Amino acid sequence: MLDVERRGPIAVVTLNRPEAMNALSKALRLALYEAMVALDADPDVSVVILTGAGERAFTAGLDLKELGGDASAMGAANDQDARSNPVRAVERCRKPVIGAINGVAITGGFELALACDVLIASDNARFADTHARVGIMPGWGLSQKLSRLIGPYRAKELSLSGNFLDARTAADWGLVNRVTAPEDLLPTALKLAEDMASIPVETLAFYKGLIDDGYARSFGEGLALEHERSSAHNREVTPEKVEARRRQVMARGRSQ
């Protein structure tokens, strides 16, 4: 149902229900929460990659068969508890989460993809917001997050039509960072994760929090937040640490 594979400081988390297009059942959502809590707390993990099993689907979102058979299950669409809300489960991880989008990301699956910090998509990836077509309104942030990422006009085009967006167009719109062939998806995500993991994990977590918390505020408030946090952080940085890091940066620059 959920696989977690460790590759040094990188953890690859795979939604593994390919027979159900990796639909987010109640059990899978709980398993994802438990995995993200454990990885967040693990000092040996620096970066997480989130993907789906197979090439058909990253995830088709909430398990509609499960919803259709249990009237109380509909509350999951608005639940803010990270145990049942996979977006909250991913967002609570302080470490970078790279979404390796291997197939369709539909409705709640689209929302889960947008919870990641970086998105790399295979040519098989497609995105769709079918909330309106299903008759359910988004409760995990899609209606607000999507318009901030690609603009309100494009967001309305997707959400008010329910049409699919292919990977290449998603990249052109700035929704994903890059597109790869299916066989190159995980290697590309791992290479980026390795680049990130070469930075101390506490630095990654601090900088990720600075970006996310500032993005949720106005520009002026974000600048004030940066000043407050960076001032406190930089007071603890010694010249010796800067010189050591400078040498590392120069060596890496020459290798690139």
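Just so you know, these numbers use all the heavy atoms, side chains as well, and skip hydrogens, waters and symmetry mates. Only a predicted model underlies this, so the values are computations on that prediction, with no experimental measurement involved.
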Same apolar cluster: [X] and [Y], side chain cutoff 4.5 Å:
X    : Y    : answer
Y215 : L142 : yes
V90  : M1   : yes
I199 : I10  : yes
L146 : L165 : yes
V201 : L192 : no

Checklist entry - Sequence neighbours excluded, which residues qualify as side chain to side chain donor-acceptor pair (under 3.5 Å) partners of S122? => result none
Checklist entry - side chain to side chain donor-acceptor pair (under 3.5 Å) with D40: which residues, sequence neighbours excluded? => result R94
[X] to [Y] - nearest heavy-atom pair and separation:
X    : Y    : answer
L32  : P86  : CD2-CB, 3.7 Å
L39  : A11  : CD2-CB, 3.6 Å
R235 : A232 : NH2-CA, 3.4 Å
C93  : M36  : CB-CE, 3.6 Å
E111 : G141 : OE2-N, 3.2 Å
L62  : L24  : CD2-O, 3.8 Å

If we only count heavy atoms from C-beta on, is the [X] to [Y] side-chain gap below 4.5 Å?
X    : Y    : result
L158 : I150 : yes
H131 : S159 : no
V12  : L190 : yes
L50  : I98  : no
L112 : W140 : no

Donor-acceptor contact present, side-chain [X] to main-chain [Y], <3.5 Å:
X    : Y    : result
N22  : A57  : yes
S230 : E226 : yes
T51  : A100 : yes
K156 : S161 : no
N102 : G52  : yes
T107 : T130 : yes
Q80  : G139 : yes

Next on the checklist: Holding to salt bridge (charged side-chain N to carboxylate O under 4.0 Å, His left out), I want the full list of residues that pass it with R7, two or more places apart in sequence or in another chain.
Outcome noted: E5
Checklist outcome for this item: Sorted by chain and number, sequence neighbours left out, salt bridge (charged side-chain N to carboxylate O under 4.0 Å, His left out) with R6 holds for D42
Item to check | Counterpart residues, ring-ring contact (aromatic ring centres under 6.0 Å, His included), relative to F206 (two or more places apart) | outcome: H233
Checklist outcome for this item: Residues at least two apart in sequence or cross-chain that pass ring-ring contact (aromatic ring centres under 6.0 Å, His included) with F110, listed by chain then number, are F127
Checklist entry - Please walk me through it: do K95 and D117 pass salt bridge (charged side-chain N to carboxylate O under 4.0 Å, His left out)? => result CA-CA 9 Å; K95 299 164 184 178; D117 300 298; over 6 Å; no
Checklist outcome for this item: Residues pairing under salt bridge (charged side-chain N to carboxylate O under 4.0 Å, His left out) where one sits in residues 13-24, two or more places apart or in two chains, turn out to be R17-D63
Checklist entry - With sequence neighbours left out, which residue pairs that include part of residues 125-136 fulfil the salt bridge (charged side-chain N to carboxylate O under 4.0 Å, His left out) condition? => result none
Checklist entry - If you link I, L, V, M, F, W and Y whenever their side-chain heavy atoms are under 4.5 Å apart, who else ends up in the same group as F164? => result M21, V104, I106
Checklist entry - With a cutoff of under 4.5 Å between side-chain heavy atoms, which Ile, Leu, Val, Met, Phe, Trp and Tyr residues group with L223? => result F219
Item to check | Neighbour count above 12 (heavy atom, 6.0 Å) for R56 CZ | outcome: no
Next on the checklist: Can you confirm whether more than 12 heavy atoms, excluding those of K26, are under 6.0 Å from its NZ atom?
Outcome noted: no
Donor-acceptor list for residues 174-189 side chains, cut-off 3.5 Å, not counting sequence neighbours:
from : atom 1 : to   : atom 2 : distance (Å)
N177 : OD1    : L119 : N      : 3.0
T180 : OG1    : L185 : N      : 3.3
T188 : OG1    : D184 : O      : 2.7

Please determine if [X] and [Y] form a salt bridge, counting it only when a charged side-chain N lies under 4.0 Å from a carboxylate O.
X    : Y    : answer
K191 : D195 : yes
D79  : R88  : no
E34  : R92  : no

Checklist entry - In Å and rounded to the nearest 0.5 Å, what is the OG to CG distance from S84 to L28? => result 12.5 Å
Item to check | Spacing of E194 atom CD and S46 atom OG [to the nearest 0.5 Å] | outcome: 11.5 Å
Checklist entry - Would T169 and D166 count as having a side-chain donor-acceptor pair, cut-off 3.5 Å? => result yes
Next on the checklist: Less than 3.5 Å apart, any donor N or O on the side chain of N16 or D3 sitting next to an acceptor on the other?
Outcome noted: yes
Item to check | Criterion salt bridge (charged side-chain N to carboxylate O under 4.0 Å, His left out) on E91 and K145, from CA distance to verdict | outcome: CA-CA 13 Å; E91 288 177 341; K145 188 178 290 184; 3.0 Å; yes
Checklist entry - Taking only residues two or more places apart in sequence or in another chain, which ones pass side chain to side chain contact (heavy atoms under 4.5 Å, CB included) with A35? => result L2, V4
